[in-house]
Amino acid sequence: MNTLSANPSAPVAAGFSRGTQWWTLFIFMCCGGVVLIEPSPYEFTFFLALFVFMLGGMRLRAGAVVMSVLLMLYNIGGLFSLIPFLDDGDAVLFIGVSFYLAVTAIFFAALLQDDARWRMQALTWGLVSGATIASVAGILGYFDVAGLGALFTRFDRAAGTFKDPNVLGTYVILPLVLLAQAILITGRLWLRYVVPLAIILFGGVFLSFSRGAWGNMILSMALMTILTFLFVAGPRQRLRITVLAVTGTIGAIVALAVALSIEELRSMFEVRAALVQHYDVGATGRFGRIFRAIPELLDRPNGYGPMQFRNVWFEDPHNVYLNAFSAYGWLGGLSYLCLIGATLFVGWRLIATPSDMQAFAIAVWSVLFVQMLQGLTIDTDHWRHFYLLLGLTWGLFDRNVRRGRYQADGAAWENRGG
């Protein structure tokens, strides 16, 4: 039965109605796009969502238990590394945030074990709304509309409702990919798809002038398109996907050319488009620090300690895998590598398994896989959206692969309000 035809006010078990659950998730995801202050609205609405859904009962299946154990071992390693720095408030807060984010991943994994398509709809449109708000703020800030430049820009780049342009640029990738996939699958250029897609692409990705976000967007979109073409689309859909992909690429190139006709945008683009920046190279550059720190960490079972890498090498590691050993010690580092390895196995198996949510799984995995690669050049261990992607991937794996729910085609957007 189409989940959208169900009564949204019908009670779920002994908990809140489906309508209440839907709006709770929608608001929770929407608040993920506002992180100017900490604790952010995302934190408050997470605990509200946790209360709403735990009251009706939540459960973890075997796959998510594996993820949970590895996340806990990772953070226990951080606790051991924290012991010499208990008087350092920043270090204590760092580990506290790590535990909290691990709990959010576990929540998302459990969330999709029941009434998944209905909840997926709320997650999707909440993400799109939050990303649109953040991107509009980025546009207003970058062009200093009404004097908002000081609030919504950092380093002369759009940060929107985030503190860092790099985080804004990567946060909006998942809703951007979901919108693009909706157009590819349905072939419908509805305003509710096209308008937020254009706003997010320009204000959230382009104006962030983040090399990581640009690369993330290109690779995630390409991977989603290829996987949707291979695993979801029928013969007619494949022709449509090919035409739309080519047309969309040409349109994006034309739009980029138009944007670069503006001197201010062209100047910043020329600076940021360089593959290697001055702070990347040399013995004290980003990559030099990595190779110099590795031999030292091999002699430090507890690493340098949380937030201590910068005290030794003057900047953060900008490599999440190196940071796992630096801030969480050998136990945390090895647990993180096991988590990433297990997630790679789960993710690729997930997207190849036919199910009623295969298209959504492909969108999620396309973004997560690229973000795991991006972790080689930036610290992603405290990105809220990374843990969202991680939890959704393991939750979908448990639901789709282990429960063996199949479908004939992948028109999942029709079932989640597309």
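All heavy atoms count here, side chains included; hydrogens, waters and symmetry mates do not.
Under a cut-off of 6.0 angstrom, the local environment of CG in D156 is sparse, with at most 12 non-hydrogen atoms contributed by other residues, nucleotides or ligands. Under a cut-off of 6.0 angstrom, the local environment of CZ in F202 is crowded, with over 12 non-hydrogen atoms contributed by other residues, nucleotides or ligands.
When all heavy atoms are compared, the tightest approach of P306 to F94 is CB-CD2, 3.8 Å. Nearest heavy-atom pair, Y74 versus G332, reported as atom, atom and distance to 0.1 Å: CD1-O, 3.2 Å. The shortest non-hydrogen separation linking V167 to H385 is CG1-CE1, 3.9 Å. Nearest heavy-atom pair across K163 and L36 is CE-O, 3.2 Å. Of all heavy-atom pairs between Q237 and V232, the closest is OE1-O, 3.9 Å. The shortest non-hydrogen separation linking L207 to F143 is CD1-CE1, 4.0 Å.
Panel note: side chain T228, backbone T225; no donor-acceptor pair is recorded below 3.5 Å. Judged by distance alone, with hydrogens and angles left aside, the side-chain atoms of T377 form a donor-acceptor pair with the main-chain N or O of Q374 at under 3.5 Å. With hydrogens and angles disregarded, a donor-acceptor distance shorter than 3.5 Å links the side chain of R119 to the backbone of D114. A donor-acceptor contact shorter than 3.5 Å links the side chain of T104 to the backbone of L101. For E296 (side chain) and A293 (main-chain N/O), no donor-acceptor pair under 3.5 Å exists by modelled atom type. A donor-acceptor pair is defined here as one N or O able to donate and one able to accept, closer than 3.5 Å; such a pair exists between the side chain of Q113 and the backbone of A109. Under a 3.5 Å cut-off, the side chain of S355 and the backbone N or O of Q358 do form a donor-acceptor pair. Of the possible polar contacts, none joining the R157 side chain to the P165 backbone as a donor-acceptor pair under 3.5 Å is found. In this structure, the side chain of Y171 engages the main chain of G33 through a donor-acceptor pair within 3.5 Å. For the pair S366 (side chain) and M224 (backbone), a donor-acceptor distance under 3.5 Å is present.
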message: For T24 and Q21: C-alpha separation, side-chain torsions, deciding distance, then whether side-chain hydrogen bond (donor to acceptor under 3.5 Å, both in side chains) applies.
response: CA-CA 5 Å; T24 299; Q21 291 186 352; over 6 Å; no
task: Take Q371 and T380 through the test side-chain hydrogen bond (donor to acceptor under 3.5 Å, both in side chains) and record every step on the way to the result.
output: CA-CA 8 Å; Q371 281 200 11; T380 60; over 6 Å; no
task: Could you walk me through whether L388 and M29 pass the side chain to side chain contact (heavy atoms under 4.5 Å, CB included) test, one step at a time?
output: CA-CA 10 Å; L388 166 66; M29 288 294 95; 4.1 Å; yes
Side chain to side chain contact (heavy atoms under 4.5 Å, CB included) between F269 and W214, intermediate numbers included: CA-CA 11 Å; F269 182 82; W214 291 346; 3.6 Å; yes
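For N311, the side chain to side chain donor-acceptor pair (under 3.5 Å) test picks out Q308, with sequence neighbours left out. Scanning for side chain to side chain donor-acceptor pair (under 3.5 Å) contacts around D379 gives an empty result, with sequence neighbours left out. Every residue meeting the side chain to side chain contact (heavy atoms under 4.5 Å, CB included) condition with L297, not counting sequence neighbours, appears here in chain and number order: Y304, L322, F325, S326.
Exactly one residue among V320, N323, L71, L70 makes a side chain to side chain contact (heavy atoms under 4.5 Å, CB included) with Y336. That residue is V320.
F108 and F28 have their aromatic ring centers within a separation under 6.0 angstrom.
Within the model, atoms CD1 of I241 and CG of L230 stand 9.5 Å from one another, a figure rounded to the nearest 0.5 Å. In this structure, the separation between OG1 on T170 and CG on D164 is 8.0 Å, given to the nearest 0.5 Å. Taken from CD1 in I139 to CZ in F152, the straight-line distance is 12.0 Å, to the nearest 0.5 Å.
By the 6.0 Å and 45° rule, R292 does not stack over the aromatic ring of W313.
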